[in-house]
Each structure stands twice: as structure tokens, then as C-alpha cells.
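Working notes for the structure below.
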Amino acid sequence: MEAVRFRVHRFRPEDGHRGSFREYQVPKKKGMTVLDGLIYIKENLDPTLSVRYSCRMAICGSCGMRVNGMEVLACNTQIVELEKKVITVEPMKNYPLIKDIVVDMSEFFVKQKNLKTWLIRKDVVEQENPTRQYAQTEEELEKILQFTYCIQCGLCYSACPVVSNLPQFLGPQALMKLYRYLADNRDEGEDRLAAVDKFEGVWRCHFAGSCSTVCPKGVDPALAIQLLRRAALK
Ligand code: FES
């Protein structure tokens, strides 16, 4: 059976250095994904390898990593489509490394939490004892629909060159998520725009667009940031 060579980033915090690559030969099967290859390595060649995953179907957003230099979901990336004899697997950038290719995404989630990226309503009693639906027209839904597809995989944050240079930058995902709620006609939250109308908010983005390029769900965070800028200027 034909094999494919995996070059996998290995790192143990106790070793105290950035890490190195280890190579594995993995039998290639039709339909095999990069995640399948990593699971094969863990189960058959090297049980010490750490990999984070859950759904295996591009829904949970757990298996983000860089494969041959590109941010991808490993479970959504077929080996044959890469058309390479060597598959280099690295952790996402812009996150502290925990082990091998597993990163710490705490800061990524804190940034969106600080922006209160959820639906805020004033009718607390209605929310606790609902008597009706919060209806939307098709046009109202259309304004936010693509942004609701985000699965919080963090690939956009890894691909963002601004986060690399300025870790305080809120990043494409948090800004996009805020826009998703500000543009939602059902949201009654106080003006959250002030929190992003600053240098490390919407104004530091230089529109590289890499966030939108790598999104596995077709979300366009770069567009959301431009729309937030427009709202801030208004
Ligand atoms: Fe859930 Fe890949 S394992 S998105």
C-alpha cells in the first residue's frame, strides 16, 4: 500500500524548547483526512502524540492546525487533495503551545467574551418565561447569516498577521462576532461599539484578508471588520 510521509511538530513543555519535527510513514487510503493520518500515528506508531479533535466532521472546530503552511481543519482536509508526498503538520500560530500541535485558546475566547458577543435583550421576564418568538424577516437574517456559521475554530486568529505583531489586537473572530450581534435586529445591548473603536480594535486591521481566506465555513471576518469601521465612523 502506498504510504505518505507525515512530518509532525513535537513539543513537550518540560523539554523547554520550541520543539522539533518527527517523521512517520502512514499508509494512504482513499478518503483519508489529515486527522485520520494523525489518529493512525497515535494508535499504531506513537501513542505519545497529542492531537485535539472531537466531531471529525468540520462542526466542532477542535482540530485546527497548519498543514503544509496553511491553516485548516485536519478533519476537513483530504490527503489526496494536498497532492504532496510529505505532509507537514504544525500547531496554529498566535496561541501559546501546550504540547505537540495542541494550543491554548483561552485568550481567543476571553477576547470575544469581553465584547459580550451574545444576544442581549432588555425583556428579562420574557426571556425567563417565553410567550412568543423573536421573529426576523428574511432580509434581517440575511444581514447576519454568513457570520452565524462561525464554529470558533480559531484558524482566522492564527492566520492574522496583525495578531502576530500586536497580541493585544482583538483579532478577526471576536470583531466578526461582535458585528454579528450589533447587526442583529433582535439585539438590544448597550452600544458595544466603543469597545472596538480603538487602535487594537477595528483600526489596526490592515485588511490582509487572510482570516477570510482560511475560514472553513466561508465566513468573511475581514468584511465584518470593515462594516464595524463604518458603524464606528457613523
Ligand atoms: Fe471537529 Fe475537526 S474534529 S472540526
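Order of appearance sets the numbers: ligands from 1, and atoms from 1 within every ligand. Below, all heavy atoms of this structure are taken into account, side chains as well, without hydrogens, waters or symmetry copies.
Contact annotation for C55 and ligand 1: heavy atoms of both the backbone and the side chain come within less than 4.0 Å of the ligand. The proximity of N76 to ligand 1, defined as any non-hydrogen pair under 4.0 Å, does not occur for either the backbone or the side chain. At a heavy-atom distance under 4.0 Å, atoms from both the backbone and the side chain of C60 approach ligand 1.
With respect to the salt-bridge test (charged N to carboxylate O, under 4.0 angstrom), the residues D187 and R192 qualify. Under 4.0 Å is where a charged nitrogen must lie from a carboxylate oxygen, and between D184 and R180 at least one such pair does. With respect to the salt-bridge test (charged N to carboxylate O, under 4.0 angstrom), the residues K122 and E188 do not qualify.
Counting only distance, with no hydrogens or angles, the side chain of T88 and the backbone of R7 share no donor-acceptor pair below 3.5 Å.
At the top of the distance list for atom 3 (S) of ligand 1, counting protein heavy atoms only, stands R56 N, 3.2 Å. The protein non-hydrogen atom at the shortest distance from atom 4 (S) of ligand 1 is G61 N, 3.2 Å.
Of all atoms in ligand 1, listed by their number and element, those nearer than 4.0 Å to a heavy atom of I59 are 4 (S). Against a heavy-atom cut-off of under 4.0 Å, A58 is close to the following atoms of ligand 1: 4 (S).
Aromatic pair F108/Y157: ring centres closer than 6.0 Å.
Here the angle centred on atom 2 (Fe) of ligand 1, running from SG of C63 over to SG of C75, is 100°, rounded to 10°.
For S212 and D220, the side-chain atoms include at least one donor-acceptor pair closer than 3.5 Å.
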